[in-house]
Number of protein chains: 2
Amino acid sequence: MSFQKVLIVDDEAPIREMIKLALELEGFTCLQAQSASEALPIIVDQRPDLVVLDWMMPDVSGLDFLRRLKRDDNTREIPVIMLTAKTEENSVVNGLDAGADDYISKPFRPRELISRIQAIMRRISKITGDGLLVVGELCLDMKGHCVFVDDQLVAMGPTEYNLLKFFMGHPDRAYSRAQLLDQVWGSNVYVEERTVDVHIRRLRKALKPAADGVDCGRFIQTVRGAGYRFSARLASL
Amino acid sequence: MSFQKVLIVDDEAPIREMIKLALELEGFTCLQAQSASEALPIIVDQRPDLVVLDWMMPDVSGLDFLRRLKRDDNTREIPVIMLTAKTEENSVVNGLDAGADDYISKPFRPRELISRIQAIMRRISKITGDGLLVVGELCLDMKGHCVFVDDQLVAMGPTEYNLLKFFMGHPDRAYSRAQLLDQVWGSNVYVEERTVDVHIRRLRKALKPAADGVDCGRFIQTVRGAGYRFSARLASL
DNA sequence: TGCATTGGTAACGATAATGTCACATTAATA
DNA sequence: TATTAATGTGACATTATCGTTACCAATGCA
């Protein structure tokens, strides 16, 4: 199980805590730093999967710090999201030029930050080097062509496997039955849309034993009138 | 149902069709008019999100028509893209002065038009790059097809979702029941106007749990005799 | 061939969503 | 205040959508 570590660099503790809280609810592990000088060793040692970087810091400017990170081979790969105030929005361009992956202007809704982070996570770390697709407690081994839930092997048919593979590669997004048929079955076959339902059912059943007790759409939610959506964790209840 | 409606005003049908085709591939809904006199009623009662306006029209000059739109309170906010021939390029300045948002000189590549349109849509609509519609404490995830209030997932039916999506895309403006039926239900279905009331009620109810205690039209205000208006701000009491 | 596995479909029950109504409540007006 | 119109609200029947099971065809394999 790979934890997704996020480093929050901001000099205001309340903001750090707010972000931390929101992210931890979504299953991220959070690290904190209140200045650039504090952040650097953490980045080097802990290698977070993502840095959320306030643009206004006491010691070094966000832009300078970002440039430094992107100059260093060791830290270049780590994606950065900028936090900018409304009045600093012109610096956004500089930030993006300097290698930031996204920006959010304060004040922002936690939901927005989370979505951005998830988008970036999705972009960068969908598939590990060894052909593993890991989302939450689900692990799909593309080489071995098998699926683990909480490190436990679960059996399923080829179609269910393909379906799950697609879902894990495209989480948190609703797909219509037609889209799923296109993506998983192929765009040139004709099968009834309801067939998707049946395979969703089979996939859910396959994932269920490991899903502790109640599965209630733990991984696959039905979006009534729209289709189905995969996500690793239940949206906040 | 897409809420990004574009009205194409041009006297040459092939050009209209070409633009229409390109835009529909990108998910826009298209309306057409071949003259200014035909365009005006469409603009008034369908309220497109954007008007693509040919500068050379049989009845009224593009400039005059544009001025008329910008004089009227009801149509002033609707952005306009001019289509100008190479030889008319000096009129671009006049057009921009009169309130046009952008221009494209013919001949143009469809791709270019779409890019410009999308740029304008992005500017005016509150849709972020990730398909998030964020207004105040409301967040509608178009990809995930779900809604958050204060970062808390709220459940609602498809119609309520569509209604809210429309409202969030067109805030601070009152819409009659007939207009809402057109925009949300579609212009070709017949349902009682009072049905809107019921769905407004259901939407309010869905948004209420998060609306601390008193919701009293926190998001959706009724405009007596006119219809309903969505706004994230508290109505001045 | 016989058997097991898988995939697609139909059918049926369960559930959610929808539109409409009746009635309550509120606002506007005289 | 009395009256009227507009809106809010809960309940209902109807319909649409979804979950689930059973079944049969196709496939692969021993």
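Residue numbers begin at 1 in each chain, while the letters A, B, ... track the order of the sequences.
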- Query: Just checking B/V223: base, sugar-phosphate only, or nothing, at a heavy-atom cut-off of under 4.0 Å?
  - Reply: sugar-phosphate

- Message: Counting the atoms with a prime plus P, OP1 and OP2 as sugar-phosphate, which does B/Y228 contact under 4.0 Å by heavy atoms, base, sugar-phosphate, or nothing?
- Response: sugar-phosphate

- Task: Classify the ring geometry between A/H199 and A/W185 as parallel (under 30°), tilted (30 to 60°) or perpendicular (over 60°).
- Result: perpendicular

- Message: In whole Å, I'd like the distance from the CZ atom of B/R224 to the C1' atom of C/dT26.
- Response: 6 Å

- Message: What is the distance, to the nearest angstrom, from the CG atom on B/L203 to the C1' atom on C/dA17?
- Response: 15 Å

- Query: Ignoring hydrogens and angles, are the base of C/dG19 and the side chain of B/R202 linked by a donor-acceptor pair under 3.5 Å?
  - Reply: yes

- Cationic N near anionic O, under 4.0 Å, A/R116 to A/D102: yes

- Item | Nucleotide D/dG19, atom C1' - distance to NE2 of A/H199 in whole Å | 15 Å

- Item | Protein-nucleotide distance (B/E192, atom CD; C/dA22, atom P), rounded to Å | 12 Å

- Starting at atom CZ of B/R204, determine the distance to atom C1' of C/dT26, rounded to an integer number of angstrom. 13 Å

- Message: What I want to find out is whether A/E160 reaches A/K205 closely enough, with some N-O distance under 4.0 Å, to be called a salt bridge.
- Response: no

- For D/dT7, take OP1 and OP2 only and decide whether either is under 4.0 Å from a side-chain N or O of B/R177. yes

- Atom OH of A/Y190 and atom P of C/dG8: how far apart are they, to the nearest Å? 13 Å

- Integer-rounded Å distance: C/dG7 P and A/I200 CD1: 14 Å

- Message: Rounded to whole Å, please give me the gap between CH2 in B/W185 and P in D/dA16.
- Response: 17 Å

- Item | Options D/dT9, C/dG8, D/dC18, nucleotide nearest the side-chain atoms of A/T195 | C/dG8

- Message: Check this for me: does any side-chain nitrogen of one of B/R16 and B/D54 sit under 4.0 Å from a carboxylate oxygen of the other?
- Response: no

- Query: Is any side-chain nitrogen or oxygen of B/T159 closer than 4.0 Å to OP1 or OP2 of C/dT18?
  - Reply: yes

- Query: With sugar-phosphate meaning primed atoms plus P, OP1 and OP2, does A/E160 contact a base, only sugar-phosphate, or nothing at under 4.0 Å between heavy atoms?
  - Reply: sugar-phosphate

- Classify the side chain of A/R194 versus the base of C/dT9 as yes if they form a donor-acceptor pair under 3.5 Å and no if they do not. no

- Identify whether any heavy atom of A/T222 sits under 4.0 Å from a base atom; if not, whether one sits that close to sugar-phosphate; answer base, sugar-phosphate or nothing. sugar-phosphate

- Message: For a quick check under 3.5 Å, do B/E17 and B/Q32 share a side-chain donor-acceptor pair by atom type?
- Response: yes

